[in-house]
Asks: 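My questions all concern the structure below.
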2 protein chains.
Amino acid sequence: MTTGTHRSDALEAQWSRALHSLGRRVTRQRLAVLAAVEHSPHSTADDAAAAVRAELPHITVQSVYVVLADLTDAGLLRRIETPHSPARYETRVGDNHHHAVCTGCGRIEDVDCAVGHAPCLTPSWAPGSGRMTIQIAEVMYQGLCDDCRDIPAQSTDHSTDSPQKEHHER
Amino acid sequence: MTTGTHRSDALEAQWSRALHSLGRRVTRQRLAVLAAVEHSPHSTADDAAAAVRAELPHITVQSVYVVLADLTDAGLLRRIETPHSPARYETRVGDNHHHAVCTGCGRIEDVDCAVGHAPCLTPSWAPGSGRMTIQIAEVMYQGLCDDCRDIPAQSTDHSTDSPQKEHHER
DNA sequence: AGCCTTATTATGATTTATTCAAAATAAGTG
DNA sequence: CACTTATTTTGAATAAATCATAATAAGGCT
């Protein structure tokens, strides 16, 4: 085990090169965090920390926060803010894709840009609004996934509640 | 001052009716919160609490949280989650409009739906994703407003920082 | 008008998500 | 191998939001 290579070695090399060319140091924790997020996209900081601990048992959530923020800043990760949930991260950067979250179970799916590519960067402004130079457009779809539609009301207890109210998960 | 009416009385009556028909009680704090959010849209819970205190000096943020959550649940308010900022609320519900936030100053503008109306509810799915029944599509644009483009770097202090990094406001 | 039921609000504490400052560590350079 | 400095660790602090319980008041009823 001198070389200590498991996991996708190709990706690791790729990330190392990327970090290097960005003038950033290549560290175990950065590679581990990248691998964790690559392996399970849309991870929260906690998720990532748990995954990383398999390799670096002593890492703390705070360190993971620092690494995540830095990698996001460097452009190697993308941060997603889903409603009623901590921030999530993914390695798929650069392409203009969006997300759909199921209001039933909270699962998140990737969605290709609805309009094509650039068009969603040219919004039609509401009357009276000042114009902006749009740089990114994040679309967040919300709905019910097929699985959750099969189980109409597996809820715990709402007596007179209408079936289609708020769902919090997690 | 027996009638105690100031502020937009018409709106207040409208909200009262809405609450009533939803089987919910009409309370001072609900009306005050609605008025506060109506007056300055995209308010945070803190903003709303501050505004409401002009009328109900003893109200606490926690109560405002409860009221906001309940009104959102009732469909009288809409909750917006902007990146790097607490949740915000607005009274404009029902229409399918989106938001643009300036990465410079954090100001938020309303944006009419880019695609028209319904189309943004029919996303093109990424390969391998399970389908979902989309209910709402929130689009979050990010960019620089004209004001912030005029002042390229009025920042406090970033020495070697590139001008286009993270901005936190509030 | 006044009482009563129950939704709503207040209170105080608690949890969760995230950030910060300072000390310890380790990448990469010469 | 030594040295500089980015990065990580550590421990504490803050911000945002939620929860359980007690107090209050809305609106139906008589």
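Chain naming here is simple, since letters A, B, ... match the order of the sequence lines and numbering starts at 1 in each.
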Asks: Does a side-chain heavy-atom distance below 4.5 Å link Arg107(A) with Met132(B)?
Replies: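 Result yes, sub-4.5 Å side-chain heavy-atom pair found.
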Asks: Leu19(B) CG to dG27(D) C1': how many Å, rounded?
Replies: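 About 13 Å, once rounded to whole Å.
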Asks: Just by distance, with hydrogens left out, do Thr91(A) and Glu38(A) show a side-chain donor and acceptor under 3.5 Å apart?
Replies: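 Looking only at side-chain atoms, Glu38(A) and Thr91(A) do form a donor-acceptor pair, the distance falling under 3.5 Å.
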Asks: Which listed nucleotide (dA16(D), dA6(D), dT10(D)) is nearest to the side chain of Arg25(A)?
Replies: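 Side chain of Arg25(A) sits closest to dA6(D).
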Asks: Expressed as a whole number of angstroms, how long is the span from Glu55(A):CD to dT8(D):C1'?
Replies: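 Whole-Å distance recorded here is 15 Å.
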Asks: Distance check, rounded to the nearest 0.5 Å: Asp110(B) atom CG versus His97(B) atom NE2?
Replies: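 So the CG of Asp110(B) and the NE2 of His97(B) are separated by 4.0 Å.
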Asks: Nearest whole Å is fine: how far is dA15(D) C1' from Asp47(B) CG?
Replies: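 These atoms are roughly 14 Å apart.
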Asks: State whether Tyr65(B) places a side-chain N or O below 4.0 Å from either non-bridging phosphate oxygen (OP1 or OP2) of dT18(D).
Replies: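 So the side chain of Tyr65(B) is outside the cut-off, no N or O lying under 4.0 Å from OP1 or OP2 of dT18(D).
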Asks: Looking at the base of dT7(D), is there any donor atom on it, or on the side chain of Arg30(A), that sits under 3.5 Å from an acceptor on the other one?
Replies: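 There is none.
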Asks: On DNA chain D, nearest-nucleotide positions of Gly23(A) versus His58(A): which is more 5'?
Replies: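 That would be Gly23(A).
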Asks: Roughly how far, to the nearest 0.5 Å, is the CZ atom of Arg24(A) from the CG atom of Leu19(A)?
Replies: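 One finds 8.0 Å between CG of Leu19(A) and CZ of Arg24(A).
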Asks: Round to the nearest Å and state the distance from Leu22(A) atom CG to dA6(D) atom P.
Replies: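 Whole-Å distance recorded here is 15 Å.
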Asks: Can you find a heavy atom in the side chain of Val111(A) that is under 4.5 Å from one in the side chain of Val139(A)?
Replies: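 The answer is no; the side chains never approach within 4.5 Å.
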Asks: Please report the distance, rounded to the nearest Å, between CG in Leu56(A) and P in dT25(C).
Replies: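 Result: 16 Å.
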Asks: With a 4.0 Å limit, can you tell me whether His20(B) has a side-chain N or O closer than that to the phosphate oxygens OP1/OP2 of dG28(D)?
Replies: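 Answer yes for this pair, as a side-chain N or O of His20(B) is under 4.0 Å from OP1 or OP2.
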Asks: To the nearest 10°, let me know how far the axis at one end of the helix from dA1(C)-dT30(D) to dG30(C)-dC1(D) is tilted from the axis at the other, five pairs an end.
Replies: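 The value is 30°.
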Asks: Can a donor-acceptor pair be found between the side chains of His42(A) and Glu109(A) at a distance below 3.5 Å?
Replies: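 Side chains of His42(A) and Glu109(A): no pair found under 3.5 Å.
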Asks: Nearest nucleotide by nearest heavy atom, which residue falls closer to the 5' end of DNA chain D, Ala87(B) or Gln29(B)?
Replies: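 On the 5' side of the pair lies Ala87(B).
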Asks: Identify which nucleotide among dT7(D), dT18(C), dA16(D) has an atom closest to any side-chain atom of Arg24(A), counting heavy atoms from C-beta outward.
Replies: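 The answer is dT7(D), which lies nearest to the side chain.
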Asks: Within this structure, what is the CG-to-P distance between Asp70(A) and dT7(D), rounded to whole angstrom?
Replies: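 Result: 6 Å.
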Asks: Are the side chain of Arg30(A) and the backbone N or O of Arg25(A) linked by a donor-acceptor pair below 3.5 Å?
Replies: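 Answer holds: yes.
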Asks: Counting only side-chain N and O atoms of Thr27(A), is one of them less than 4.0 Å from OP1 or OP2 of dT8(D)?
Replies: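 Thr27(A) to dT8(D) OP1/OP2: side-chain N or O found under 4.0 Å.
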Asks: In whole angstroms, how far is the P atom of dT7(D) from the CD atom of Gln62(A)?
Replies: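 Distance, rounded to whole Å: 19 Å.
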Asks: Report the distance from atom CG of Asp73(B) to atom C1' of dT18(D), rounded to the nearest whole Å.
Replies: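 Whole-Å distance recorded here is 15 Å.
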Asks: Side chain of Val26(B) only, heavy atoms from C-beta on: which candidate in dG27(D), dT9(D), dA16(D) is closest?
Replies: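 Closest nucleotide among those given: dG27(D).
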Asks: Say you draw a straight line from CD of Glu90(A) to CG of Leu77(A); how long is it, rounded to the nearest 0.5 Å?
Replies: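 Reported to 0.5 Å precision, the distance equals 9.0 Å.
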Asks: Any side-chain N or O of Arg28(A) under 4.0 Å from OP1/OP2 of dT25(C)?
Replies: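 Answer no for this pair, as no side-chain N or O of Arg28(A) is under 4.0 Å from OP1 or OP2.
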Asks: Is Val67(A) touching bases, backbone alone, or none of the nucleic acid, heavy atoms closer than 4.0 Å?
Replies: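 The residue Val67(A) makes sugar-phosphate contact but no base contact.
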